[in-house]
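Since the structure comes first, as structure tokens, the remarks are kept for the end.
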Protein chains: 2
Amino acid sequence: MARWEPGTRDRLREAALELFASRGFEETTAAEIAAAAGVTERTFFRNFSDKREVLFASQDEYAARFLGGIAAAPAGASPLELMSAGLDAGSGFFTDELRPHSRKRQAVIDAHPALQERELLKGRRLASALGQALRERGIPEPAATLTAETGATVFHVAFQQWIAPGETRSIAEIARGLLGELGALHTS
Amino acid sequence: MARWEPGTRDRLREAALELFASRGFEETTAAEIAAAAGVTERTFFRNFSDKREVLFASQDEYAARFLGGIAAAPAGASPLELMSAGLDAGSGFFTDELRPHSRKRQAVIDAHPALQERELLKGRRLASALGQALRERGIPEPAATLTAETGATVFHVAFQQWIAPGETRSIAEIARGLLGELGALHTS
DNA sequence: GTCTATAGTGCGATAGAC
DNA sequence: GTCTATCGCACTATAGAC
């Protein structure tokens, strides 16, 4: 038997969500999460800088996809086209199987101010990273920042809708619809 | 001699800012702040729910003034007039003598993600409270939320400008200018 | 005011991957 | 052999319970 099973990080994330959802965030200790994943508390903190972060690693993965989509867009793309490319690329992260998981995760976050703080910070970091990516694609200010803020907002609203009860559309569909409505605001 | 000097809260806030600014947030313990203010660690945590909160008590006072200004505005005021009344009332908090203090405080916050998280949460709470205050004044949705979000943004931008190097205008003047520019966006 | 649980860090030893 | 992830343990500070 191997000294350590692969996928420690993912097991910790799964265990944490389950325990947070069933017992509450503050009532769950890092040691309990670690034990549920078959590792020690020390290993938990080697994988996640603090107890809140275990819920937000997925956000970082999503951001990386979003940024990758912008970087991979064809040369000469407009700011809005870059943002659409990013939204499309990022949306691949939110598969239909992930939806129940995301609903559970959001319920936990909504119940704990400490987690809301982290979520807000991640949101600002996403907007900031998008702005940087757009500037690196040659978009000047203030278009880069405006487009980045819009993109972050569209994602946020689309995600909230995606996890709403009864919603069946993909997050990409929802985001496209929102971008369309946003455009209509300026042409009507 | 009194058993305890008055103004414990304020002394703790002053001591905390000085220590955070000179040594850094993480390098300063709650016990050190308490000692500098002449009280025990226990008293620190009785006054502030956590170590970060000692820097944000002022934000709560400001919010209370802002909300009071909205509540005190004349009947029949428009959403924008209510917001202006709130901004005017709140601006009284930011006296010229407070400006160096605010600059120092913001530098500390900008240097520590843990403090940025708290700042973001306070910002969301302000916007949410403004929306509630407007609804209580009879403003329907979506005007209440839109106006509240605008008001929170104007305050945020005005505050950033107010602490900018060389800036001498009052925060009320800056906010009025921003509201004017915002209005011009819709009439040009 | 005192006592205690938990978060989070530092470091040496160790076991497996390569 | 090197590199990396884990363990195990000691330790401080936060924050809440009593």
Side-chain angles (χ1 to χ4, degrees), chain A residues 1-57 60-61 108-109 111-122, chain B residues 1-5 8-9 11-13 15-57 60 108-109 111-119 121-122:
Chain A
M1 175 177 162
R3 178 172 179 188
W4 36 271
E5 302 293 327
T8 296
R9 244 181 109 82
D10 288 341
R11 287 204 319 281
L12 283 167
R13 285 164 44 174
E14 264 312 307
L17 180 58
E18 287 308 318
L19 288 166
F20 291 164
S22 58
R23 282 197 220 171
F25 173 72
E26 281 147 11
E27 290 68 32
T28 304
T29 70
E32 287 168 342
I33 300 166
V39 294
T40 66
E41 186 184 25
R42 193 69 189 80
T43 296
F44 177 91
F45 286 113
R46 208 173 305 103
N47 279 274
F48 304 101
S49 55
D50 62 48
K51 202 176 115 180
R52 283 169 284 164
E53 194 64 16
V54 69
L55 273 180
F56 292 91
D60 291 344
E61 290 176 37
V108 171
I109 293 170
H112 299 281
L115 296 173
Q116 293 161 30
E117 288 187 342
R118 181 58 49 87
E119 185 179 41
L120 289 167
L121 186 65
K122 292 280 181 180
Chain B
M1 178 175 164
R3 177 170 176 191
W4 38 270
E5 302 294 327
T8 296
R9 243 181 110 80
R11 288 206 316 283
L12 282 167
R13 287 164 43 172
L17 180 58
E18 287 307 319
L19 288 167
F20 290 165
S22 58
R23 282 196 220 172
F25 174 72
E26 282 147 11
E27 290 69 30
T28 305
T29 71
E32 287 168 341
I33 299 166
V39 296
T40 66
E41 186 183 31
R42 185 72 184 76
T43 298
F44 177 91
F45 285 112
R46 228 179 294 108
N47 279 275
F48 304 101
S49 56
D50 63 47
K51 201 176 116 182
R52 282 169 283 164
E53 194 64 16
V54 69
L55 273 180
F56 292 92
D60 291 343
V108 171
I109 293 171
H112 299 281
L115 297 173
Q116 293 160 32
E117 288 186 333
R118 180 58 50 86
E119 185 179 41
L121 186 66
K122 293 280 182 180

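Chain identifiers are assigned alphabetically (A, B, ...) following the order of the sequence lines, protein sequences preceding nucleic acid strands; residue numbering begins at 1 within each chain.
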Quiz item: Can you check the L12(A) CG to dA5(D) P distance for me, whole Å?
Solution: 14 Å

Practice problem: Please report the shortest heavy-atom distance between T8(B) and N47(B), naming the atom on each side. | Solution: CG2-ND2, 4.2 Å

Practice problem: For the residue pair E53(A) and K122(A), establish whether any side-chain heavy-atom pair is separated by less than 4.5 Å. | Solution: yes

Quiz item: Can you name the closest pair of heavy atoms from F56(B) and L115(B) and give their distance?
Solution: CZ-O, 3.4 Å

Quiz item: Heavy atoms, side chains only, cut-off 4.5 Å: are I109(B) and F25(B) in contact?
Solution: no

Self-check item: For atom NZ of K51(A) and atom P of dG8(C), their distance in whole Å
Solution: 8 Å

Practice problem: Check whether any side-chain heavy atom of R118(B) lies under 4.5 Å from a side-chain heavy atom of L55(B), and answer yes or no. | Solution: no

Quiz item: Between R9(A) and E61(A), is there a side-chain N and carboxylate O pair less than 4.0 Å apart?
Solution: no

Practice problem: Round to a whole Å and report the spacing from CD of E26(B) to C1' of dT14(D). | Solution: 13 Å

Practice problem: Check each residue of residues 40-50 of chain A for a non-hydrogen atom within less than 4.0 Å of any atom in DNA chain D, then write out the ones that pass by number, or none. | Solution: T40(A), R42(A), T43(A), R46(A), N47(A)

Self-check item: Length of the line joining F25(B):CZ and dT14(D):P, which is rounded to integer Å
Solution: 8 Å

